[in-house]
Number of protein chains: 2
Amino acid sequence: MTNIKDLAKMSGVSVSTVSRVLNNHPYVSAEKKAAVLKAIECTNYNRNINAVHLSRGKTQLMGVVLPVTDTPYFALLLKGIAKRALENDYKLVLFQIDYAEEKEIEALQMLKQKQIDSLIICSRKCELALIQEHIQYGTIVLCEKTTEKSLPSVFIDHYEIFFQALEYLYQKGHKKIGYSVGRKTGSNSSLREQAYRDFLEKYKLPFYSDYIMDDCLYFEDGEKVMQRLRSMDIQPTALIITSDQVAAGIMIECQKEGISIPEQLAVIGFNNEPIAKMMNITTIDIPLVELGGDLFLQAYHGYNSNKQISVKLIERETV
Amino acid sequence: MTNIKDLAKMSGVSVSTVSRVLNNHPYVSAEKKAAVLKAIECTNYNRNINAVHLSRGKTQLMGVVLPVTDTPYFALLLKGIAKRALENDYKLVLFQIDYAEEKEIEALQMLKQKQIDSLIICSRKCELALIQEHIQYGTIVLCEKTTEKSLPSVFIDHYEIFFQALEYLYQKGHKKIGYSVGRKTGSNSSLREQAYRDFLEKYKLPFYSDYIMDDCLYFEDGEKVMQRLRSMDIQPTALIITSDQVAAGIMIECQKEGISIPEQLAVIGFNNEPIAKMMNITTIDIPLVELGGDLFLQAYHGYNSNKQISVKLIERETV
DNA sequence: TTGTATGCGTTATCAT
DNA sequence: ATGATAACGCATACAA
């Protein structure tokens, strides 16, 4: 492997001059530049980027923490992040951590160790305090509401939108409303449960713990939801499902069983995934790709702000 | 930032001893080790990983090239890769390159520059010769049949399976068969077209160029397929669709229009995605997660082999 | 078992 | 405009 020292020797200049040519610095004469360029050409030279990183203290690498990549929510978020990364010539280090907290901490470690310049945490499991400790080592951006915690974030207000969806169903006459989430852990789920409990409180409605169904991430989980529904003494008349693909699974299951939607069961999906449009599912439109892009840009520029992304309910035919 | 030099000074040993402690080398006395450990504790020391990389010439980073991450095919492949990476404590650098060849070359560059130790190319656009040139810099594993090109790979035989699907439809009485692909570029698509042409040749069937439909990646593209079908003078009686989610889109569209499947239109999907099971779609089962895992392991161990993953047709109710 | 000295490849500082 | 040299932080061959 040839290095700049070799190049310097070959082209009869110093290493500094070679470095200047490599980095397009001004103040280097045309002849010398040509000589260096020629040497680079001849030797098929390649810069050792690790040396550059060590010297500069930066890596042009951004970490992305997410539990899984094969659900629409995270896939679209990642799509938005990756798109902006591509535009800005930044590389992404993927931490697909499958809800393992220790791996989340590992990502924080990598920031500390300067292997990555910044970090986007799409879904958090560790304590906020731990994240706080690490912001000194690089930019960290969260995808949850952190306005009062002085941590950078781009987020949607899950409490607000969930409450809104519940109100919508209530206006339509529903009093027994269940819902599904991906995982019970995570700040989004907490916010949703809070909204749910506040809603019940507001209208003096009873709380049934089995109305909250977790582990609903994939299409086929729609089947599971319907099974659970059957096992309930008092069945809900409406469901809020936090992914359209799960909602679609429910619809297909209902079709098989002859349950008519929305007459016998109302369904609100989430994300406004393409499948929601095709199957006419009433849903919450969340601009996930845009959200991902904003996450990237905020991490990229190191802004310490909190940006809320607005969402809206799209009325279709399942309520 | 404290470094090993500081630690050495603090604990009254040499930098080498500190390094040994850091790397769990044997032959270091308990007292000195304790002293170093204490110094590490006190100073909240962190190793600068870039310096380690420079010194070692390795980064523990593996690159993954793929066009998009939000289609089931690539999402599941990535899932398999990420799973193995997690197990083996390896980090992934994601090149979500959106079919841009120059970005593919950039990944090759990063291998050359030692920013990544190895590279998995899930979908290729650049010349094989270019890849050949780069294997000297690190392990590269492809996800396509490369048996004769002496390039490492884990693959499925798209020609064979496509031909088999065509034969299956022919046995069922279909003579006008169309198909869809994600992109026309890419080796998989070429193989499929070859199988298609050979099939037509074998049974002396006519070739209609509009029977090959590209840009079918997402659920909503099912709508597009049906539109194209309507515009044809002679409509196919059967379709091979290279993603179950597109096939699902087609089924929903057909349901809306009152076209009965398989009576009026037969459909074979691909990948055996969860949606295929729920909607009873006849499909080609491809163990994508396993395939992804094998891609990782081969890149990880640097094996120079060619592993074929077997697939099978799953008969359900759409043919 | 421990320490010294050198290398890794580049950038940055400071002369000239 | 150019060059010498000192960082950057760590690993390791070699000597002791």
Side-chain angles (χ1 to χ4, degrees), chain A residues 1-40 43-61 109-117 137-138, chain B residues 1-40 43-61 109-117 137-138:
Chain A
M1 287 284 94
T2 89
N3 56 25
I4 52 169
K5 220 168 180 175
D6 301 332
L7 292 179
K9 209 170 292 172
M10 288 180 61
S11 43
V13 299
S14 71
V15 288
S16 329
T17 301
V18 175
S19 179
R20 289 192 185 98
V21 172
L22 249 25
N23 295 289
N24 277 318
H25 274 276
Y27 308 135
V28 40
S29 71
E31 315 110 78
K32 301 222 173 191
K33 184 168 183 174
V36 172
L37 253 21
K38 193 181 155 198
I40 290 175
T43 56
N44 194 17
Y45 166 78
N46 280 287
R47 190 148 59 163
N48 182 322
I49 215 79
N50 289 322
V52 178
H53 292 334
L54 173 60
S55 190
R56 282 212 243 262
K58 295 255 171 208
T59 58
Q60 294 276 102
L61 246 37
Q109 287 286 345
M110 278 180 66
L111 188 69
K112 208 171 179 178
Q113 300 186 340
K114 297 177 167 303
Q115 185 159 19
I116 52 180
D117 295 343
Y137 304 113
Chain B
M1 287 284 95
T2 88
N3 56 26
I4 52 169
K5 220 169 179 175
D6 301 331
L7 291 180
K9 208 170 292 172
M10 288 181 61
S11 43
V13 299
S14 72
V15 289
S16 349
T17 302
V18 174
S19 178
R20 288 190 186 99
V21 172
L22 249 25
N23 294 289
N24 277 320
H25 275 275
Y27 307 134
V28 39
S29 71
E31 314 111 77
K32 301 224 171 190
K33 184 168 183 174
V36 172
L37 252 23
K38 192 181 158 197
I40 290 175
T43 54
N44 195 17
Y45 165 78
N46 280 288
R47 221 184 344 202
N48 182 322
I49 216 80
N50 289 321
V52 178
H53 291 335
L54 174 59
S55 191
R56 283 211 244 263
K58 294 257 170 207
T59 58
Q60 294 275 101
L61 246 38
Q109 287 285 347
M110 278 181 66
L111 189 68
K112 208 170 178 178
Q113 300 185 341
K114 297 178 167 304
Q115 184 158 20
I116 52 180
D117 294 343
Y137 305 111

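FYI, side chains are in, hydrogens and waters are out, and symmetry mates aren't considered; it's all heavy atoms of this structure. Labels below follow one simple rule: chain letters A, B, ... track the order of the sequence lines, proteins then strands, and each chain is numbered from 1.
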Starting at NZ of A:Lys58 and ending at P of D:dC8, how long is that distance when rounded to a whole Å? 16 Å
Listed in order of residue number, which residues of residues 4-32 of chain A have a non-hydrogen atom at under 4.0 Å from DNA chain C? A:Ile4, A:Ser16, A:Ser19, A:Asn23
Among residues at least two apart in sequence or on other chains, which ones pass ring-ring contact (aromatic ring centres under 6.0 Å, His included) with B:Tyr137? B:His134
Of all heavy-atom pairs linking B:Ser11 and B:Leu7, the shortest is OG-O, 2.5 Å
Residues A:Thr43 and A:Ala39: closest non-hydrogen pair is OG1-O, 2.8 Å
Selection: residues 44-52 of chain B, any non-hydrogen atom under 4.0 Å of DNA chain C: none
Cut-off 3.5 Å, no hydrogens considered: what does the side-chain donor-acceptor table look like for residues 24-34 of chain A, sequence neighbours left out?
residue : atom : partner : partner atom : Å
A:Ser29 : OG   : A:Lys32 : N            : 3.4

Apply the test side-chain contact (heavy atoms from CB on, under 4.5 Å) to residues A:Asp6 and A:Asn3: give CA-CA distance (whole Å), side-chain angles for both, the deciding distance (0.1 Å), then the verdict. CA-CA 5 Å; A:Asp6 301 332; A:Asn3 56 25; 3.2 Å; yes
Return the value, rounded to whole Å, for the distance between atom CZ of B:Arg56 and atom P of D:dT12. 6 Å
Once you round it to whole Å, what is the distance between P of D:dG9 and NZ of A:Lys112? 16 Å
Those residues that, when tested against A:Asn48, pass side-chain contact (heavy atoms from CB on, under 4.5 Å) (two or more places apart): A:Asn50, A:Ala51, B:Leu54, B:Lys114
Who are the side-chain hydrogen bond (donor to acceptor under 3.5 Å, both in side chains) partners of A:Arg20, not counting sequence neighbours? none
Partner residues of A:Lys9 under the side-chain contact (heavy atoms from CB on, under 4.5 Å) criterion, sequence neighbours left out: none
For B:Ser14, give me all partners under side-chain hydrogen bond (donor to acceptor under 3.5 Å, both in side chains), at least two apart in sequence or on another chain. B:Ser16, B:Thr17
Determine to 10° how strongly the helix from C:dT1-D:dA16 to C:dT16-D:dA1 is bent, judged from the axes of its five-pair ends. 40°
What range of DNA chain C does chain B touch, first nucleotide to last, counting atoms under 4.0 Å from its heavy atoms? C:dT1 to C:dG9
Run the side-chain hydrogen bond (donor to acceptor under 3.5 Å, both in side chains) test against A:Asp117 and tell me which residues pass, sequence neighbours left out. A:Thr59, A:Tyr90
Ignoring hydrogens, what is the shortest heavy-atom contact between A:Ile4 and A:Val15? Give both atom names and the distance. O-CG1, 3.9 Å
Partners of B:Ile49 by side-chain contact (heavy atoms from CB on, under 4.5 Å), sequence neighbours excluded? A:Gln113, A:Gln115, B:His53
For B:Tyr45 and B:Val36: C-alpha separation, side-chain torsions, deciding distance, then whether side-chain contact (heavy atoms from CB on, under 4.5 Å) applies. CA-CA 11 Å; B:Tyr45 165 78; B:Val36 172; over 6 Å; no
